[in-house]
Amino acid sequence: MVLDAEITRLAQDIVNAKKVVALSGAGMSVESDIAPFRGKGGLWEQYDPEEYAHISTLRHHPEKAWILLSAMQKEIVKARPNPGHLALAELEQLGCLSTIITQNVDGLHHVAGNKDIIEFHGNLQTVTCMDCGNHLPSSEISLDDRPPRCNKCNGVLKPDCVFFGEAIPVDALTRAHHESRTCDLMLVLGTSAVVYPAASMPEIAKSAGAKVVEINPSETALTRFVSDYIVLGKTGEVLPRVVEQVRNLKGV
Ligand code: NAD
Ligand code: ZN
């Protein structure tokens with residue numbers, strides 16, 4: 001159980017900060033029933049993401065890569081924002097959150113209503129043909145075809161997300177660096193912080209003088225070396241309590 005004093009401390013830090021940036025990860029969507037990569041449960045215990053979601057697997061064994069992609073798409077289609085996503089949208093409306101850098105590909109921050117989002121790893125909403133570049137919404141492909149193919153040239157379709165072994169799109173990387181360097185509080189939400197370069201954003205923020213605060217039920221690679229403190233709880237439970245306190249402190 002997260003203590004009221006921890007919630008108040010974080011709310012106070014948010015209100016006192018000039019610029020707050022959040023880095024979110026798969027843990028943020030666990031309460032929307034989307035399995036994270038690491039940790040217990042879900043299909044990732046069966047399929048190693050670094051193998052199945054590697055670009056060379058998609059190129060050479062697309063039927064194998066699409067086992068994982070179809071399963072993930074099916075979870076995402078059903079998913080709705082949870083109270084953690086909604087709390088972040090409220091925090092932005094209150095003027096207390098500048099930008100979310102998200103590693104998630106589920107689009108749930110958009111659905112929740114946040115406006116300034118850097119999709120560091122792209123998203124699964126659209127797909128592109130690897131042969132002719134045909135671009136179409138994922139809702140138009142059959143997830144039971146392994147792999148789904150282009151309706152123009154029969155090439156293999158690739159979701160518009162970043163695979164292991166691929167570079168981060170330059171715009172997302174440049175903006176994420178800028179936001180990390182210029183914030184004075186970074187919230188690190190539901191990420192195990194082991195996938196680089198996303199995991200370097202809290203390090204960049206910290207070396208530029210920002211405070212780094214995690215919300216996660218478990219300690220991470222950052223906790224002892226980078227974070228100022230961690231609130232050990234679920235984002236769907238902690239964030240709404242924090243936002244309520246932010247409202248109180250701001251008198252709104
Ligand atoms: P991860 O799977 O490596 O780690 C998940 C983290 O979330 C863990 O630290 C875990 O303790 C924490 N967590 C679990 N339940 C939580 C909760 N209720 N509230 C807060 N935290 C919780 O995730 P990652 O660090 O984001 O790295 C995985 C990569 O996989 C990312 O690059 C992302 O692109 C991709 N991915 C995305 C989704 C998605 O879009 N929802 C899902 C799975 C994987
Ligand atoms: Zn094509």
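All ligand and atom numbering here is 1-based and tracks the order in the structure. Only heavy atoms go into these numbers, but all of them, side chains included; no hydrogens, no water, no symmetry mates. Keep in mind that what you see is a predicted model, and the values were worked out from it rather than measured.
Under 2.8 Å from the Zn ion (ligand 2), one finds the following protein N/O/S atoms: Cys129 SG, Cys132 SG, Cys150 SG, Cys153 SG.
Within the set Glu75, Met72, His121, Met28, the minimum heavy-atom distance to atom 36 (N) of ligand 1 is found for Met72. Taking all heavy atoms of Ala221, Gly27, Ala199 into account, the minimum distance to atom 13 (N) of ligand 1 is reached by Gly27.
Look at Lys152 and Asp131 and you find no salt bridge, because none of the NZ, NE, NH1 or NH2 atoms lies under 4.0 Å from a carboxylate O. A salt bridge between Glu92 and Lys115 is absent, with no side-chain N of the basic residue lying under 4.0 Å from a carboxylate O of the acidic one. A salt bridge links Asp13 and Lys211; the closest N-O separation between the charged side-chain nitrogens and carboxylate oxygens is under 4.0 Å. Taking the charged nitrogens against the carboxylate oxygens, Arg175 and Glu179 do have a contact shorter than 4.0 Å, which makes a salt bridge.
In summary, the atoms of ligand 1 found under 4.0 Å from a heavy atom of Ala35, numbered by their order in the structure, are 42 (C), 43 (C). Every atom of ligand 1 with a heavy atom of Asp106 under 4.0 Å away is listed here by number and element: 39 (C), 40 (O), 41 (N). The contact set between ligand 1 and Ser218, taken as ligand atoms under 4.0 Å from a residue heavy atom, comprises 11 (O).
Looking only at distances, a side-chain donor or acceptor of Asn114 sits under 3.5 Å from a matching main-chain atom of Ala89.
Residue-to-ligand polar distances place Ala26 within reach of ligand 1: an N/O pair is separated by less than 3.5 Å. Between Val195 and ligand 1, no N or O atom pair is found at a separation short of 3.5 Å. Looking at ligand 1, you won't find any N or O of Lys234 less than 3.5 Å from one of its N or O atoms. Between Thr220 and ligand 1, a contact under 3.5 Å exists for no N or O pair.
The number of heavy atoms from other shown groups lying within 6.0 Å of CD (Glu244) does not exceed 12.
The shortest distance between side-chain heavy atoms of Glu75 and Ser32 does not fall below 4.5 Å.
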